[in-house]
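Every chain is numbered from 1 and lettered A, B, ... according to where its sequence line falls, protein lines coming before strand lines.
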Amino acid sequence: MTTERYNPRVVEPRWQSVWNERRLFETPSEDPRPKYYVLEMFPYPSGRIHMGHVRNYTMGDVLARYRRARGYNVLHPMGWDAFGLPAENAAQQKKVHPKDWTYDNIAAMRAQLKSMGLSLDWSREFATCDVEYYAQQQRLFLDFHDAGLVARKTAKVNWDPVDMTVLANEQVIDGMGWRSGAPVEIRELTQWFFTITKYSDDLLAALKTLDRWPEKVRVMQENWIGRSEGMRIRFALDPATTPAGESGVEVFTTRQDTLFGAKFVALAPDHPLAAAAAARSPALRKFIEECHHLGTAEAAIEQAEKLGFDTGIKALHPLDPGWQLPVYVANFVLMDYGTGAIFGCPAHDQRDLDFVNKYGLGNIPVVCPPGQDPATFVITDTAFVGDGRLINSRVLDGMSVDAAKEEVARRLESTTRGNRPVGERQVNYRLRDWGISRQRYWGCPIPMLHCPACGVVPVRREDLPVKLPDDVEFDRPGNPLDRHPTWRNAPCPQCGGPALRETDTMDTFVDSSWYFARFTAPRAPTPTVPAIVDHWLPVDQYIGGVEHAILHLLYSRFFARGMKATGHGGPDEPFAGMFTQGMVVHETYRNAAGDWVEPTSVSIEGEGDQRRAVARDSGAPIEIGAIEKMSKSKKNTVDPSDIIGNYGADTARWFMLSDSPPERDVIWTEAGVAGAHRFVQRVWRLLSGLSAQLPPSGLPRPGMFGDASLDLRRHVHRTIDTVTNDIEKLRFNRAVAQLYELSNVLTAHADSPMTPDHGWALREAAEALTQMLAPMMPHLAEECWKALGHAGLVAEAAWPEVEPALLKVDTILLPVQVNGKKRAELTISMDASNDEVEKAALALDAVQKLLEGRPPRRVVVVPNRIVNVVA
RNA sequence: GCCCCUGUGGCGGAAUGGUAGACGCGGCAGACUCAAAAUCUGUUGCCUUCACGGGCGUGCUGGUUCGAGUCCGGCCAGGGGCACCA
């Protein structure tokens with residue numbers, strides 16, 4: 001019998017249109033089945049999908065199809081994270097409107113995604129730049145505003161004077177704007193913020209409940225929120241040295257136990273007291289000015305020397321008013337953490353130590369490490385930050401660090417000056433409020449107005465949406481909304497007088513902070529429908545790149561809380577299960593000139609050490625470089641469309657699931673893809689070849705099975721068991737290996753005589769294999785399912801059931817160790833007692849030989865696992 | 001600097017404290033073929049032995065255990081996150 005080669009180019013579109021016509025993946029919200037919401041991070045519509053998308057969406061699709069087969073009502077939607085800077089760059093460079101560019105890209109990428117055969121509910125699709133979407137986002141903004149979750153305050157930003165825009169820190173390279181190359185200025189701008197810090201404690205505490213999130217992501221969020229417990233302490237100032245009107249300075253510390261080791265107080269350059277002191281000192285003004293010029297870049301901070309300037313002001317020690325400490329302005333003190341001022345204890349803080357060593361202020365060790373003699377303990381270059389006993393600290397001497405912290409806290413809390421305690425316990429967070437203002441056109445307009453009479457006024461809800469004007473120009477740098485002739489003008493909702501619209505638009509992270517909720521009722525005239533969003537959320541499994549482990553996930557968690565608080569429903573935690581996939585990486589190639597070369601123009605020869613690359617056209621030698629994340633700049637990308645065109649979507653999907661554990665990086669190789677494709681063909685040959693000989697589907701199970709049939713059935717059911725488990729735990733690479741093995745076993749059994757029981761067992765195996773392949777390679781599975789004589793779709797078939805009796809075996813092969821080394825094997829009944837096993841093991845020739853006639857010292861029998869004889 | 005992860009054949013990787021290397025890629029040998037491709041079968045950690053067998057093997061090093069890739073301590077290497085956060 002001849003079998004035709006499986007042709008994905010014909011087969012895949014055919015099944016895609018069958019699924020589409022039957023509207024198989026459109027999800028009703030009202031359905032008696034249990035719900036399952038699986039979501040992959042929606043893409044930015046750059047124009048082409050990349051291999052990272054293929055990996056991400058394949059994983060999600062496996063889960064969606066598997067859950068459907070398990071009887072769940074699955075929600076698996078797709079949309080577009082469509083606002084953002086690249087559209088405006090394209091507008092400048094290619095003279096296309098950001099809207100046209102974006103929607104054209106969406107159309108191209110939608111077609112690419114459809115060619116992957118993903119079981120998505122396309123009826124719920126939306127883009128965040130759809131007016132219908134951002135209108136609802138503006139409504140949410142106003143609701144958040146009314147609930148006190150929106151603030152307007154000044155913030156320092158990186159300002160590019162040429163492009164006339166604010167830059168993110170990542171867009172500042174060596175102090176220059178990434179596009180303009182102009183030196184970046186630090187400017188204070190009034191910006192819109194979401195007050196995420198109101199939830200600091202809750203966002204931190206609730207991380208403990210996210211037991212289906214990667215530990216790594218939880219730790220990253222924990223560090224980002226950065227809770228520290230300490231004290232806010234007020235230092236009085238010596239009036240003789242202090243500018244008029246200033247009487248004290250507050251510091252934040254987590255080490256109040258080291259208060260007797262204090263050597264100085266330091267202020268941030270922007271601290272009000274620093275400004276007051278600068279008013280009478282030109283030299284200090286100059287110093288503060290220099291601090292401002294120091295870049296915000298990490299590298300600059302890393303190398304920056306600890307610099308300070310003595311203000312001449314003296315602070316009085318809170319536990320000893322007779323003790324004066326110099327007050328410095330120091331470049332390493334941050335205005336926006338704590339109080340913008342610190343007290344320095346050099347012996348037990350490295351930065352403070354560096355500082356005093358530079359300015360010759362000396363240090364007093366106040367915590368002595370265990371085992372050290374306090375009399376000889378000195379600090380020179382390295383601060384001691386560990387635990388120990390307090391020394392040189394008067395009443396605290398002999399206490400542990402914790403006890404001393406407690407004692408100092410008690411004393412300062414009960415000491416008052418001017419009706420206020422000198423110190424208060426305080427919890428500080430590293431987390432800052434979320435600045436969402438962007439001076440850009442292609443984003444969601446912030447629905448606020450500026451009225452000369454009434455100030456900042458929200459747009460009335462009945463006047464929403466504030467639509468982006470289409471008639472804008474990108475011929476000049478800056479925000480086109482600022483110079484639009486008419487759009488800015490609107491009447492004030494309060495007084496009716498002329499007012500100006502806010503021209504800042506929202507950070508695109510806002511768009512992606514609630515899209516998963518919108519998918520539950522994507523056409524509703526309100527942001528959500530609470531009953532529906534409560535039904536679907538939380539997302540049962542969210543999948544995406546680890547690069548969003550902090551910001552996107554944290555903002556979404558904040559938004560969920562905000563939406564709940566403003567009556568839009570949903571749980572506090574939007575993602576019950578989170579999975580961060582690894583990247584798709586590829587070898588890099590360079591020619592003799594050092595230019596990057598695409599994989600498609602390189603051919604590889606030889607193996608191992610002999611492996612060489614040459615240019616496909618000229619034969620010129622090519623250097624094989626490091627394996628790195630696919631990126632356009634290194635030209636080591638592979639276009640998913642090429643792969644799908646050559647091998648079909650199933651091959652690409654199968655390769656993405658094979659070999660590498662999903663959380664780790666996967667190395668894209670031609671050989672690997674070719675291997676995946678060979679398997680596609682092998683499965684088709686096997687199953688289509690077998691189908692002609694098999695008994696019809698649905699025959700009753702024979703009462704008896706021969707040994708071969710029983711072996712096959714046992715293997716099939718073991719595979720169903722493990723593959724089910726592996727998919728549930730997202731261990732796709734293991735599931736793939738099991739299916740390879742099953743197809744090998746099935747192949748080995750396919751030539752056995754076609755007795756009724758064997759035919760039945762073979763059909764069972766063939767169908768189980770097809771069904772288990774279906775979530776991963778849905779087109780191939782449909783084609784095989786049809787070849788096996790089914791009129792219906794495998795996409796609608798129920799997941800195969802395990803017969804528990806078949807997971808058991810009567811006899812097992814037990815390894816026998818002597819002194820921990822395997823020396824023999826023992827075939828014995830599963831039910832044999834430990835005594836029987838021990839006796840049988842000791843009777844083995846190999847064991848006897850090694851014992852040399854002596855009795856064993858000990859015999860360990862682990863039932864159905866191993867025997868270890870200790871000689 | 002702080003926090004986290006990873007380290008297993010030629011390669012990607014399997015392995016509830018219990019036979020290390022499943023499965024795939026690659027290699028080798030064979031079958032089919034006039035030949036090649038495709039396909040199928042066998043084999044494939046390293047050393048040693050004609051063979052049976054034996055020895056060595058999970059970055060290094062110490063420990064716990066009848067038994068350690070897995071648990072604990074100390075190193076080394078690679079990767080990631082945060083970073084003047086008091």
Is a side-chain donor-acceptor pair under 3.5 Å present for A/Gln221 with A/Arg557?
yes

Of the nucleotides B/A14, B/C82, B/G24, which one has an atom closest to the side chain of A/Trp224?
B/C82

Please determine if a side-chain N or O atom of A/Asn744 lies less than 4.0 Å away from the OP1 or OP2 oxygen of B/A22.
no

In terms of side-chain heavy atoms of A/Arg432, which of B/A86, B/C84, B/C85 is nearest?
B/C85

Which part of the nucleic acid does A/Arg682 contact within heavy-atom distance under 4.0 Å: base, sugar-phosphate only, or nothing?
sugar-phosphate

So which nucleotide does B/C25 pair with, by the Watson-Crick or G-U wobble rule with both distances under 3.5 Å?
B/G10

For B/A31, the Watson-Crick or wobble partner whose two distances fall under 3.5 Å:
B/U39

So, does A/Asn733 get its side chain near the phosphate of B/A14, meaning an N or O under 4.0 Å from OP1 or OP2?
yes

Distance check, P atoms only: B/A22 and B/U16, in whole angstrom units.
15 Å

Aromatic contact between A/Trp654 and A/Tyr740, with the criterion being ring centroids under 6.0 Å apart: yes or no?
yes

With distance as the sole criterion, do the side chain of A/Asn868 and the base of B/C66 form a donor-acceptor contact below 3.5 Å?
yes

When both hydrogen-bonding distances must be under 3.5 Å and the geometry is Watson-Crick or G-U wobble, what is B/C46 paired with, if anything?
B/G55

Could you tell me the Watson-Crick or G-U partner of B/G1, where both distances fall under 3.5 Å? Say none if there is no partner.
B/C82

Check this one for me: any side-chain N or O of A/Arg664 less than 4.0 Å away from OP1 or OP2 of B/G80?
no

Donor-acceptor pair under 3.5 Å, A/Arg865 side chain vs B/U16 base
yes

Tell me whether the side-chain N/O atoms of A/Arg430 come closer than 4.0 Å to OP1 or OP2 in B/C84.
no

Scan A/Glu222 against the nucleic acid and name what it touches under 4.0 Å (heavy atoms): base, sugar-phosphate only, or nothing.
nothing

For the P atoms, the ones on B/G21 and on B/A15, what distance do you get once it is rounded to whole angstrom?
13 Å

Side-chain atoms of A/Glu825 come closest, of B/C23, B/G67, B/U19, to B/U19

Quick one: does A/Met772's side chain get under 4.5 Å of A/Ile720's, heavy atoms only?
yes

With a 4.0 Å limit, can you tell me whether A/Arg678 has a side-chain N or O closer than that to the phosphate oxygens OP1/OP2 of B/C25?
yes

Quick one: do the A/Asn428 and A/Ser228 side chains pair a donor with an acceptor below 3.5 Å?
no

When we call it a touch if two heavy atoms are under 4.0 Å apart, what does A/Ser658 touch: a base, just sugar-phosphate, or nothing?
nothing

Name the nucleic acid region contacted by A/Val862, choosing base, sugar-phosphate or nothing; use a 4.0 angstrom heavy-atom cut-off, strictly under.
base

Taking the minimum atom-to-atom distance to the side chain of A/Thr253, which one of B/G12, B/C3, B/A86 wins?
B/A86

Using the purine O4'-C1'-N9-C4 or pyrimidine O4'-C1'-N1-C2 torsion, is B/G9 syn (within 90° of 0) or anti?
syn

Should A/Lys821 be listed as having a side-chain N or O under 4.0 Å from OP1 or OP2 of B/C56?
yes

What nucleic acid atoms does A/Thr669 come within less than 4.0 Å of, heavy atoms only: base, sugar-phosphate, or nothing?
nothing

Would you tell me if any nitrogen or oxygen in the side chain of A/Arg685 comes within less than 4.0 Å of OP1 or OP2 on B/C40?
yes

Of the options B/G13, B/C85, B/G12, whose atoms approach the side-chain atoms of A/Pro661 most closely?
B/G13

Would you say a side-chain N or O of A/Arg858 is under 4.0 Å from OP1 or OP2 of B/C66?
yes

Over all strands shown, is A/Arg823 touching base, sugar-phosphate only, or nothing at heavy-atom distances under 4.0 angstrom?
sugar-phosphate

Expressed as a whole number of angstroms, how long is the span from A/Gln817:CD to B/G17:C1'?
12 Å

Tell me which nucleotide, if any, is Watson-Crick or G-U wobble paired with B/U65 when both distances must be under 3.5 Å.
none

If you look at every strand shown and take non-hydrogen atoms under 4.0 Å, does A/Tyr740 touch a base, only sugar-phosphate, or nothing?
sugar-phosphate

If you measure from the Lys or Arg side-chain nitrogens to the Asp or Glu carboxylate oxygens, is any gap between A/Asp349 and A/Arg255 under 4.0 Å?
no

Residues, nucleotides or ligands: over 12 heavy atoms within 6.0 Å of A/Arg857 CZ:
no

Say we look at B/A83 and B/G18: how far apart would their C1' atoms be, to the nearest angstrom?
45 Å

Would you indicate what A/Val333 reaches in the nucleic acid, counting non-hydrogen atoms under 4.0 angstrom: base, sugar-phosphate, or nothing?
base

Taking atom types as modelled, find out whether A/Asn834 and A/Glu838 have a side-chain donor-acceptor pair closer than 3.5 angstrom.
no

What's A/Leu814 touching, base or sugar-phosphate or nothing? Going by heavy atoms closer than 4.0 Å.
nothing

